[in-house]
Structures are given as structure tokens and as C-alpha cells.
Amino acid sequence: MAAGEQPGTGSPQQPSTRLFLLVLAVILTDQVLAASAQGMSIGINYGQIADNLPSPARVSGLLRSMQISKVKLYDADQNVLSAFLDTGVEFVVGIGNENVSAMVDPAAAQAWVQQHVRPYLPSARITCITVGNEVFKGNDTALKANLLPAMQSVYNAVVALGLQGQVNVTTAHSLDIMGSSYPPSAGAFRPDAVPYIQPLLNFLSMARSPFLINCYPYFAYKADPGSVPLEYVLFQPNAGVSDPNTNLNYDNMLYAQIDSVYAAMQALGHTDVDVKISETGWPSRGDPDEAGATPEYAGIYIGNLLRRIEMKQGTPLRPSSPIDVYVFALFNENLKPGPASERNYGLFYPDGTPVYDVGLRGYLPPMGESKSARKVVSLLALIAIASITLILS
């Protein structure tokens, strides 16, 4: 303290104190502004086959409060994309199967990308376009034949706009494209699918795009609950299953499924395409003949999966490559056709209440609050700056 200076009389702050407060202001403000861009490494599928879901603006608030940083859509809903502008959330957008054949026409593909992708960049972080979903699961031979030409047209449209490297082009597959998946090292695609998959892999390799697969260990358990160990499909402690060809041990079915796809791709000459899980989940409710569809098992599956992802764990075949997963799904969707399980894969009920507890805490803004929700972050930042300005003045 300088001579003649009295304590507690508004003495000038030392430079170190002022610097500390300034740094603190920057840190706090930066944290507030970037909160929505910092997220978990898990992705989530945002389906909308329902008549009771909250508005996209409210969903944006929910996902940002959970710090979910990756979202996969089955279309390119402009209301959804607009609700997430400048939030830092990454988006996968989709072209539905009903529109795939039209995309073979380069002009149609160019128009689609111009309308559904280009206007939202860079404010919306669209990183991938999926052309079709589980095309090879059906019997539409024309659709199967048109898939790759449609992907090529969409890719060429992306390139023409200078977006290559920023926006990938791929498609998502059902696991039933596999003719063999056990042991994982013997994984092979169905013979009838190979003529389509081989050139598709060549395209993905050239475009540096991932191979997307929808994997549901639940289906294997439901089909034969007496033979498939529950612990093995739920990531719970178990002795695991050893691959006799590689001596690799698998303590869960999902990782075995992933590595079987890698083996199938290698059999077709490709080790240069990454496998990503575009869907996986567990239903919290089902029909009487759907074994294991309970909130308890769904919570165990998703909770243990989240822990594996946060550990940045890879599969036994690729231990240094963390798995990339999109959980299915954000909400229960009451209009989905099929068995009861199809309508009960959500992490949340439409009112924002968790279906089961896996530690994901989110806040669904009330109706009417969503219009101003995007202003809250900026307002808090301004308050923080104003407070520090008063302190430093």
C-alpha cells in the first residue's frame, strides 16, 4: 500500500488484479458464447414421425442444454436447420428414398443442394448428406440401381459449389446387408448386395466419405433371447467371445458387428473407408413378443454405450479409432408404423421428460419462450461484459 493511502477508500487496483479480472471476463464470456458449440461426442437421430413433438426452436434449446454437438436428420427440414443457426451443432441431412431416383439427374441434384444445403452454410454446420436410407433392405431393384448414380450426382453438385471436404456424401445401410457376421473376421456382404456395394465402396474411397451402418444388437436379442447373452448385448461384464481367426476378444455385440463390416469391406479390397454407426438404440417398450424392450434395459444399453464413447474407445480390430455413433432416437415417435418398439426408441418423451435416466440432463424451453431463447446467450454475455466493465472502471 502506498504511503498515505487508506484502506477501503476505492484505491486504484494493481495491474495484476485488473489483468486477472479482464482474463476472467474473457473466459466467462467465451464460455457463455461457446456453450452451445461444446458438446458430447455422441450424435443423435432427430426423427419427426409424430404429431406431438415440440417445435424445432424448443428442440434446439433442449439439445444445446444437453451439449449434444451432432444431429442426424432424415430430411433437410428448413425449420430445423434455421432453429440451429450459429449454434455450432453439426448436421447430417438426408434425401429420402422416394427422392433418390430423381437425384440421378445432375440438374435435380444441383437444385437440391442449392435449395437445402447451400443457403444454410456456414451458419448451419452441415457436414454430410445421406442419399437414401437402408436401400438394399427392400426389393426395389430400380432404387438399388439408382442409388450410386444419385450419390455421384449429389457429390458432383457439392464439388461444383466448392463444398467438397466440407460436406460428405454417403448412404446408410441396414445390417442385413451382411451375409455373414460371425466371427467378425469372417464378415461378408450378402452375395446379392456385392454388385452394388463394390462400386459404392469405390465411390466412398474416392470421395473420402464414411460407410454408415445401422446396428441394433437388440434385434439379435429379441430374435433369440434364450441364446444371446443379455450381458453381451448390454455392454455388461462378461467373458466375451473370441474370434478364432484373430484371437481378438469381444465383450459386446456392437463392436463385433462393426468389425464384421470392416472385414466385409476388406474382402472387397477396401481398408480405406471408415465405418460409422448411423443408428443404434434400444426400445423402452414393445409388444408382448418383443423380449427385452424395457426402460431398464434401454437405460443400461444407452448408458453403457455413452460411457464407452466418452472413453474414446475403439473396437478390438481398430482400438485406436474411437467409434462414431448416432443414437436412435431423440424422441418417441407416435406415428411410426410397425411393432410397438418402433414408437419407443426415444431418450425423451415429447414433453422433454427423460424416458429413463442415463445422466443426460436437458431443458426443454416452455412454449412461447423459444422465440427469445437464442437471445439468452448473447444477453448473458453482455451482462458479463457490463459487470466487468463496472469492476474495472
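Just so we're clear, the structure is a prediction, and the values are computed from it rather than from any experiment. Numbering of residues begins at 1 and proceeds along the displayed sequence.
- Under the 30°/60° scheme for interplanar angles, the aromatic rings of Tyr221 and Tyr297 are found to stand perpendicular.
- Once rounded to the nearest 0.5 Å, the distance linking CD1 of Ile300 with CG of Leu305 reads 13.5 Å.
- Pairing each heavy atom of Leu81 with each of Ala124, the nearest pair is O-CB, 4.4 Å.
- Using a 4.5 Å cut-off on side-chain heavy atoms (C-beta onward), Phe189 and Ser180 make no contact.
- Taken from CG in Asp224 to OG in Ser227, the straight-line distance is 3.5 Å, to the nearest 0.5 Å.
- Side-chain atoms of Asn45 come within 3.5 Å of backbone atoms of Ser278 as a donor-acceptor pair (strictly under, hydrogens ignored).
- Heavy atoms only, all atoms of each residue included: Pro283 and Ala298 are closest at O-CB, 3.8 Å.
- Side-chain contact, Asp259 with Tyr250: a donor N or O sits under 3.5 Å from an acceptor N or O.
- Linking ILVMFWY side-chain heavy atoms closer than 4.5 Å, directly or via other members, places Ile129 and Val159 in a single hydrophobic cluster.
- Here OG1 of Thr130 is found 10.5 Å from NE2 of His173. Values are rounded to the nearest 0.5 Å.
- When the shell of 6.0 Å around CG of Asn139 is examined, it contains 12 or fewer heavy atoms from other residues, nucleotides or ligands.
- Residues Met103 and Met151 have side chains not in contact (no heavy-atom distance under 4.5 Å, counting atoms from C-beta outward).
- Summarising the geometry of Met265 relative to Val275, their closest heavy-atom pair is CE-CG2, 3.4 Å, with the distance given to 0.1 Å.
- In this structure, CD1 on Ile213 lies 6.5 Å from OG on Ser174, to the nearest 0.5 angstrom.
- Counting heavy atoms from C-beta on, the side chains of Asn97 and Asn133 come closer than 4.5 Å.
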Apply salt bridge (Lys or Arg N to Asp or Glu O under 4.0 Å) to residues Asp274 and Arg318 and explain how you reach the verdict. CA-CA 10 Å; Asp274 291 332; Arg318 296 199 173 191; 3.7 Å; yes

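- For the side-chain hydrogen bond (donor to acceptor under 3.5 Å, both in side chains) criterion with Thr280, the lone passing option out of Tyr326, Tyr301, Tyr216 is Tyr301.
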Salt bridge (Lys or Arg N to Asp or Glu O under 4.0 Å) for Lys222 and Glu290? Distances and angles first, verdict last.
CA-CA 6 Å; Lys222 181 180 76 167; Glu290 295 188 286; 3.5 Å; yes

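- Nearest heavy atom pair, residue Cys215 against residue Leu175, reads SG-CD1, 3.9 Å.
- Residue Gln313 places its CD atom among more than 12 non-hydrogen atoms of other residues, nucleotides or ligands, all under 6.0 Å distant.
- A distance of 11.0 Å separates CH2 in Trp282 from OH in Tyr356, rounded to the nearest 0.5 Å.
- In this structure, Leu163 and Leu121 have side chains that are in contact, with non-hydrogen atoms separated by less than 4.5 Å.
- Counting heavy atoms from C-beta outward, Leu268 and Val194 have side chains that approach closer than 4.5 Å.
- Side-chain atoms of Phe203 and Leu148, non-hydrogen and from C-beta on, do get closer than 4.5 Å to each other.
- Counting all heavy atoms, side chain and backbone alike, Phe136 lies closest to Arg190 at O-NH2, 3.4 Å.
- The side-chain tip of Arg308 points at the ring of Tyr255 from less than 6.0 angstrom away and within 45° of straight on.
- Note that the CG atom of Leu200 and the CG atom of Leu147 stand 6.0 Å from one another [nearest 0.5 Å].
- The two residues Tyr120 and Gln115 come nearest to each other via the heavy atoms CE1-O, 4.1 Å.
- Val92 and Leu63 are not part of a single hydrophobic cluster, where members link through side-chain heavy atoms under 4.5 Å apart.
- At a threshold of 4.5 Å between non-hydrogen side-chain atoms, the residues Val89 and Arg125 do not count as touching.
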